[in-house]
Visitor: 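Have a look at this one before I ask anything.
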Amino acid sequence: MKALVIGGGGREHALVWGLSKSKRIKKIFCCPGNGGISGVAECVNIDQNDFNALIDLVRTEWIDITVVGPEIPLSAGIVDAFIRSGHKIIGPTEKAARLEGSKVFAKDFMRAHLIPTAPYKVFTSHIHAREHIRLMGAPIVIKADGLAAGKGVIVADTVEEALSAIDLIMVKRAFGDAGNRILIEECLQGQEVSFMVFTDGRTIVPMPSSQDHKRILDGDRGANTGGMGAYSPTPILTPELQQLAIDKVMRPTIDGLARDGVKYKGFLYAGLMIVDGKPYVLEFNCRFGDPETQPIMMKLDSDFLEILLSLEEERLGDIEIKWKTGSTICVVIASSGYPGNYKKGHIITGLDDIEEDDNLAVFHAGTSYVDGNYVTAGGRVLGVTAYGDNIREARNKAYDAVNKIKFDGMYYRKDIGHMAITL
Ligand code: AMP
Ligand code: GLY
């Protein structure tokens with residue numbers, strides 16, 4: 001079979017890698033892909049939002065199934081466009097993807113279906129938003145309604161910070177129309193975990209829990225990033241808590257959407273805050289997380305293509321999905337300056353000294369392949385991912401490999417997965 005993966009980051013490299021191990025895969029395409037992905041898949045430079053061009057590629061290459069990485073094409077209706085043209089694709093429809101595309105929709109949905117989440121209010125006027133902040137005090141959380149590349153959430157420790165967040169989103173319109181409406185919500189204190197499931201609209205199969213490290217500096221300090229690393233499983237999501245997350249969050253979400261006439265198929269990600277032993281939803285993502293997918297794909301011990309087919313054909317309940325019993329970790333290597341300005345085009349060395357196998361892989365996030373060299377082409381450059389019998393072994397293996405890689409301005413956190421050891 002032939003498969004197409006849409007996207008071009010570390011998550012997509014991990015998805016391509018997972019697919020490449022499938023017995024029935026003959027060829028993989030990736031649009032647009034990146035330097036590292038081009039070693040496993042044919043990268044075709046088509047914009048992820050050009051649905052007609054993507055469908056043309058699927059037609060001319062006789063591609064059997066497509067899987068979507070990023071949220072923007074999902075929210076713009078890529079799944080609806082593929083289904084209309086009779087092509088198999090995995091992911092939620094435009095309506096189902098509103099769970100991520102509109103934070104106001106997600107919160108109103110959770111309120112209507114009694115899904116635990118922080119209390120909130122919606123504002124369209126910056127004057128009323130400011131009044132509310134002065135009334136509530138800090139800490140408080142301000143969220144732009146629409147997609148803002150992970151930057152639209154501000155956790156304000158002081159009233160001044162909260163007021164400047166209003167200014168940024170609603171007056172300066174830093175995120176454009178995504179800030180036409182905002183949410184102001186209570187700040188929850190607790191431990192954060194990422195919980196993802198496969199679903200065909202009826203059956204729900206959990207993936208192992210994971211935790212990503214969003215801040216740029218060790219000790220979870222400094223600016224928020226797209227994610228500096230992740231590990232799986234996390235001891236924070238105990239089996240009991242995982243069951244609660246299915247019963248109180250995932251099941252009512254999938255069933256609630258179905259009752260509203262919307263079938264949710266694909267991957268559903270809940271960012272959860274565990275407060276006093278109970279899970280609360282911080283956000284929904286209608287896709288695989290990045291960088292959580294990197295360790296999760298390495299833990300998978302079943303054929304990924306078969307899972308995708310069972311999702312598409314709505315027979316997830318008929319297959320068994322197995323996971324390796326140890327731990328996995330992904331250490332992101334970034335360009336210094338990220339998440340602010342950084343330079344591109346530095347040659348990466350040392351990749352050949354790493355012996356990759358099913359338990360050790362270097363997933364490329366922002367690289368190009370130029371004249372026989374991999375060069376940096378993004379803020380997050382690589383995600384070194386390793387499996388071990390336990391988190392300590394996985395960490396050592398990943399960091400040993402990280403130490404072999406060199407490029408000008410290379411930066412990474414040294415404490416990924418540390419928490420799982422100290423807990
Ligand atoms: P989101 O993009 O909605 O996941 O938000 C980004 C980050 O902001 C989350 O990963 C949390 O660390 C934090 N956050 C979001 N909502 C809340 C909340 N209600 N209380 C505390 N922290 C939050
Ligand atoms: N790692 C968080 C996300 O993918 O949104």
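Not measured: the values here are computed from a predicted model. Atoms within each ligand, like the ligands themselves, are counted from 1 in listed order.
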Visitor: For N285 and ligand 2, does the shortest N/O to N/O distance drop below 3.5 Å?
Guide: yes
Visitor: Enumerate, one pair per line, all nitrogen or oxygen atoms of ligand 1 lying under 3.5 Å from a protein nitrogen or oxygen, stating the separation to 0.1 Å; write 'none' if no such pair exists.
Guide:
| unit_1 | atom_1 | unit_2 | atom_2 | d |
| --- | --- | --- | --- | --- |
| ligand 1 | 2 (O) | E283 | OE1 | 3.4 |
| ligand 1 | 3 (O) | K103 | NZ | 3.3 |
| ligand 1 | 4 (O) | E283 | OE1 | 3.2 |
| ligand 1 | 4 (O) | E283 | OE2 | 2.8 |
| ligand 1 | 10 (O) | E192 | OE2 | 2.4 |
| ligand 1 | 10 (O) | K214 | NZ | 2.8 |
| ligand 1 | 12 (O) | E192 | OE1 | 2.6 |
| ligand 1 | 12 (O) | E192 | OE2 | 3.4 |
| ligand 1 | 16 (N) | K143 | NZ | 3.0 |
| ligand 1 | 19 (N) | E185 | OE2 | 2.6 |
| ligand 1 | 19 (N) | E186 | O | 2.9 |
| ligand 1 | 20 (N) | L188 | N | 2.8 |

Visitor: Taking the side chain from D218 and the backbone from R413, do they hold a donor-acceptor pair closer than 3.5 Å?
Guide: no
Visitor: Between the side chain of R11 and the main-chain N/O of P291, is any donor-acceptor distance below 3.5 Å?
Guide: no
Visitor: T158 side chain to E161 main-chain N or O, any donor-acceptor pair under 3.5 Å?
Guide: yes
Visitor: Salt bridge check: are K214 and D212 linked by an N-O gap of less than 4.0 Å?
Guide: yes
Visitor: For ligand 2, which atoms sit closer than 4.0 Å to a heavy atom of E292?
Guide: 1 (N), 2 (C)
Visitor: Among all protein heavy atoms, pick out the one at the shortest distance from atom 5 (O) of ligand 2; state its residue, atom name and that distance to 0.1 Å.
Guide: R287 NH2, 2.9 Å
Visitor: What residue and atom, counting heavy atoms only, is the protein's closest point to atom 2 (C) of ligand 2, and at what distance?
Guide: Y269 OH, 3.4 Å
Visitor: Would you check if the side chain of S102 reaches a backbone N or O of G146 as a donor-acceptor pair within less than 3.5 Å?
Guide: no
Visitor: Give the numbers and elements of all ligand 2 atoms closer than 4.0 Å to a heavy atom of D212.
Guide: 1 (N), 2 (C)
Visitor: Apply the side-chain hydrogen bond (donor to acceptor under 3.5 Å, both in side chains) test between Y120 and each candidate in E186, K107, R111, E185; give the one that qualifies.
Guide: R111
Visitor: Does D200 use its side chain to pair, donor to acceptor, with the backbone of R202 at less than 3.5 Å?
Guide: yes
Visitor: Mark up the atoms of ligand 2 that fall under 4.0 Å of a heavy atom belonging to G289, in ascending order.
Guide: 4 (O)
Visitor: Report yes or no: does S22 contribute a side-chain atom to a donor-acceptor pair with the main-chain N or O of F304 at less than 3.5 Å?
Guide: no
Visitor: Without swapping roles, check the side chain of K397 against the backbone of Y387 for a donor-acceptor pair under 3.5 Å.
Guide: yes
